[in-house]
Every structure is written in structure tokens, then in C-alpha cells.
Amino acid sequence: MLLDKFGQNAQRVEDSVLIGCSEQQEAWFALDLGLDNSSSISASQKSDMETELKGSFTGMRKALFQLNKKDAFLMFTAQALLRWHDAHQFCSKSGQPTKKNMAGSKRVCPSNNIIYYPQMAPVVIILVSDGTRCLLARQSSFPKGLYSALSGFCDIGESLEETIRREVAEEVGLEVEKLQYAASQHWPFPDSSLMIACHATVKPGQTEIQVNLRELEAAAWFSHDEVASAFRRKGPYTQQQNGTFPFWLPPKVTITHWLIKEWVEKQTCSSLPA
Ligand SMILES: NC(=O)C1=CN([C@@H]2O[C@H](COP(=O)(O)OP(=O)(O)OC[C@H]3O[C@@H](n4cnc5c(N)ncnc54)[C@H](OP(=O)(O)O)[C@@H]3O)[C@@H](O)[C@H]2O)C=CC1
Ligand SMILES: [Mg+2]
């Protein structure tokens with residue numbers, strides 16, 4: 001086994017977590033090699049591992065552009081679970097070390113039997129439309145030219161509907177009229193979130209945006225054609241000769257991509273002659 005070769009075997013396997021199984025019912029486990037932790041694996045061991053595995057280690061956000069949906073979802077589960085275990089080594093009541101169960105689905109404090117389960121925060125993702133255009137926004141931390149749908153964490157005590165109305169009002173100053181659930185996705189960055197995606201419409205004529213610059217760098221209405229051509233455009237999305245960056249949308253494995261794609265397809269259908 002590869003880990004034996006690098007003297008990393010026992011503890012790494014002990015800390016691994018179950019993330020799924022193949023169609024032949026083989027269990028899939030994920031483990032953290034501790035590449036970020038300098039005391040753990042040396043640079044030369046890392047490069048030897050890359051040679052042995054015939055690949056190279058890459059940042060997970062970068063990998064989003066290369067992975068298919070199935071592998072991306074495995075990576076999401078692995079990242080979320082391994083990070084949760086790493087951050088929950090101690091019981092918050094007794095201060096004693098907690099113990100992982102074999103699958104990695106929970107941790108227990110042996111001194112008081114309190115069980116800790118992995119947690120995730122509900123987040124809404126909302127594609128606001130005025131009937132013909134959709135509203136996209138960007139945060140200053142996004143790569144240049146990338147626009148996404150509005151999003152926000154649910155506060156304690158709120159329903160999803162209340163979160164959606166509050167986030168749209170807070171971020172762009174618009175009043176949501178109708179809502180429709182679209183899809184959901186587990187999202188591991190920076191911590192586990194359950195992304196709940198919805199379409200929303202605003203009242204006709206009430207489309208003037210007031211961008212909250214504390215939360216967003218920019219927000220604007222985009223036409224069906226602008227969005228459809230952004231989907232057709234292939235990367236890399238580098239600076240153009242005139243100094244601007246091309247308008248592009250989140251990668252295929254994100255729920256935002258599906259949500260915006262669904263809107264484009266619905267618009268295309270509704271503009272076809274009956
Ligand atoms: N998969 C996808 O397609 C997408 C995923 N996302 C994810 O959705 C998440 C939320 O989006 P965003 O628009 O930034 O959210 P918000 O608009 O709610 O703004 C983020 C701020 O909310 C506060 N906050 C409230 N609850 C939490 C919590 N549980 N964890 C962290 N911060 C919290 C923090 O403010 P303060 O610092 O004042 O405490 C934080 O800075 C992000 O993590 C992002 O990665 C977003 C878009 C697309
Ligand atoms: Mg937000």
C-alpha cells in the first residue's frame with residue numbers, strides 16, 4: 001500500500017472517513033495526507049507520491065473546473081467530513097478528546113457520552129428574474145469577471161422564504177414577489193453548507209437595484225442572450241486587450257450553474273412560438 005511506503009500508514013487509516021461506495025459495494029474512504037502540515041510529509045515525499053499516483057496535487061477550488069459531477073461530489077463529502085473531524089477533536093463541555101467512530105459519521109466524548117454529529121449551515125441561493133432578465137452579482141473575492149446568483153446564510157429562527165426575502169432586500173434592495181424551489185447541493189467551502197436554490201421574481205416595474213457595497217462588489221440585470229453566450233464561452237477567462245475581463249459563470253458542478261442554466265432554458269422555451 002502506498003501509505004506503507006511513506007511510513008504514514010496506521011494513524012492516517014485510523015483517521016479516514018467513509019464517503020460512499022462503488023456499484024460493486026466497495027467502500028470508499030477519504031484521508032487527509034496532511035500536505036499543508038509541514039511536519040507531516042516532506043516536499044520530496046509529496047513529489048514521490050505524485051509520481052507513484054501518476055498525477056499531481058491541486059487546490060480543490062481549481063479542481064472544480066476539471067472534475068465530473070460524481071467525483072466533485074465525492075470531493076465535497078471528503079473535504080466537509082475531514083475538516084469537521086479536524087475541528088472537533090475536543091468535547092466543548094468537558095474539554096476531553098473526542099473519539100471518531102469507524103465510519104467517521106460522528107464523534108463521542110468518552111467522559112460524558114455526548115455525541116457530536118457533523119453539522120452544516122443552510123444557505124439560500126436565489127436567481128432573481130424580472131420576467132426577461134436575471135440578476136447576477138459578484139463579491140470582491142470572486143475571480144475577475146465571474147458573476148453568480150445572490151446567496152446568504154439562514155439566520156436562527158428564519159424560514160427559507162424569510163431568508164430569501166431578507167437577503168434580496170439587504171443585498172440589492174428589491175422586493176421578492178414569487179418564489180420557486182429549484183434544487184439543493186452540499187457545499188464544503190469554507191465550511192459545510194446545504195445550498196438551497198430557488199428562482200424568485202420581482203414585481204413588474206420594480207427593478208431598480210441598490211447594491212449593498214459592504215456585501216457585493218457589483219450587481220446587474222443580464223439578458224437571456226448575454227447569459228446564454230456566457231455559457232457557450234470557453235475559458236480561460238483572462239484579461240482582454242481592452243483591459244476588461246470576460247463575463248463568465250460558475251463551473252458546471254455548482255448549483256448556481258444549474259440554477260442559471262435552468263432559467264436560460266425556461267426563457268428559451270417561453271420565447272418559442274406556440
Ligand atoms: N455552490 C455554489 O454555487 C455557491 C456557494 N456559495 C456559498 O454560500 C455561502 C454563503 O454565501 P454569502 O453570500 O457569502 O453569505 P451572506 O450573504 O450571508 O454573507 C456572508 C456573511 O454572513 C455572516 N454569516 C452568517 N451566518 C454565517 C455562517 N453560518 N457562517 C459564516 N458566515 C455567516 C458572516 O458575516 P459576519 O462576518 O459579519 O459575521 C459572513 O461574512 C458561502 O460560503 C459560499 O461559499 C455561494 C454562492 C454560490
Ligand atoms: Mg450574500
Side-chain angles (χ1 to χ4, degrees), residues 59-81 83-84 87-88 92 116-129 134-174 176 179 181-200 209-220 222 227 230-231 237 247-264:
M60 285 195 215
R61 284 185 184 266
K62 215 168 161 190
L64 288 181
F65 293 89
Q66 289 150 4
L67 293 175
N68 62 32
K69 263 191 190 175
K70 197 171 132 210
D71 290 344
F73 295 168
L74 281 176
M75 180 181 85
F76 291 172
T77 309
Q79 160 74 355
L81 263 183
R83 276 185 70 138
W84 179 81
H88 291 81
S92 56
Y116 292 92
Y117 293 99
Q119 287 172 339
M120 54 192 152
V123 171
V124 292
I125 176 128
I126 319 129
L127 188 64
V128 178
S129 166
C134 73
L135 186 86
L136 299 173
R138 51 174 282 109
Q139 296 179 13
S140 54
S141 58
F142 287 5
K144 300 268 186 232
L146 175 71
Y147 276 76
S148 186
L150 299 177
S151 56
F153 288 96
C154 295
D155 283 344
I156 293 283
E158 267 182 343
S159 66
L160 291 178
E161 294 81 348
E162 285 167 338
T163 308
I164 290 170
R165 290 178 199 284
R166 174 181 56 74
E167 282 291 333
V168 174
E170 272 177 19
E171 296 194 350
V172 290
L174 291 175
V176 165
L179 281 176
Y181 170 80
S184 66
Q185 172 184 56
H186 183 90
W187 186 246
F189 309 111
D191 292 309
S192 280
S193 303
L194 178 65
M195 308 290 309
I196 301 137
C198 295
H199 293 283
I209 307 169
Q210 283 172 335
V211 183
N212 179 343
L213 295 171
R214 273 170 303 164
E215 303 214 10
L216 300 174
E217 185 184 82
F222 289 82
V227 177
F231 275 127
Y237 307 105
F247 159 52
W248 59 289
L249 296 163
K252 279 188 183 144
V253 296
T254 66
I255 197 160
T256 321
H257 185 101
W258 318 335
L259 188 68
I260 303 171
K261 191 113 206 186
E262 189 171 72
W263 178 82
V264 168

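Just so you know, ligand 1 is whichever comes first in the structure, and atom 1 is the first atom listed for that ligand. Starting from 1, each residue takes its place in the sequence as its number.
Ordered by chain and residue number, the residues placing a heavy atom less than 4.0 Å from ligand 1 are A121, V123, I125, Q139, S151, G152, F153, E167, E171, Q185, W187, F189, P190, M195, E215, T254, I255, T256.
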Pairs of donor and acceptor atoms involving the side chains of residues 186-193, under 3.5 Å and at least two apart or interchain, shall be tabulated with distances.
unit_1 : atom_1 : unit_2 : atom_2 : d
H186   : NE2    : S192   : OG     : 3.2
W187   : NE1    : F189   : O      : 3.4

Ignoring hydrogens and angles, write down the donor-acceptor pairs under 3.5 Å from the side chains of residues 63-79, residues two or more places apart or on other chains.
unit_1 : atom_1 : unit_2 : atom_2 : d
N68    : OD1    : K70    : N      : 3.2
N68    : OD1    : D71    : N      : 2.8
T77    : OG1    : F73    : O      : 2.9

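Nearest heavy-atom pair, L150 versus A137, reported as atom, atom and distance to 0.1 Å: CD2-CB, 3.7 Å. The heavy-atom pair separating A219 from I209 by the smallest distance is O-CD1, 4.1 Å. Closest approach of I196 to P122, counting heavy atoms only: CD1-CB, 4.1 Å.
Panel detail: the Mg ion (ligand 2) has protein N, O or S atoms under 2.8 Å away, 2 in number.
Annotation: cation-pi geometry satisfied between K261 and F231 (NZ/CZ under 6.0 angstrom from ring centroid, within 45° of ring axis).
Contact check for L136 versus S148: no side-chain heavy atoms found under the 4.5 Å cut-off.
Between the side chain of W248 and the backbone N or O of K144 there is at least one donor-acceptor pair closer than 3.5 Å.
For the salt bridge (Lys or Arg N to Asp or Glu O under 4.0 Å) criterion with R166, the lone passing option out of E161, E171, E158 is E158.
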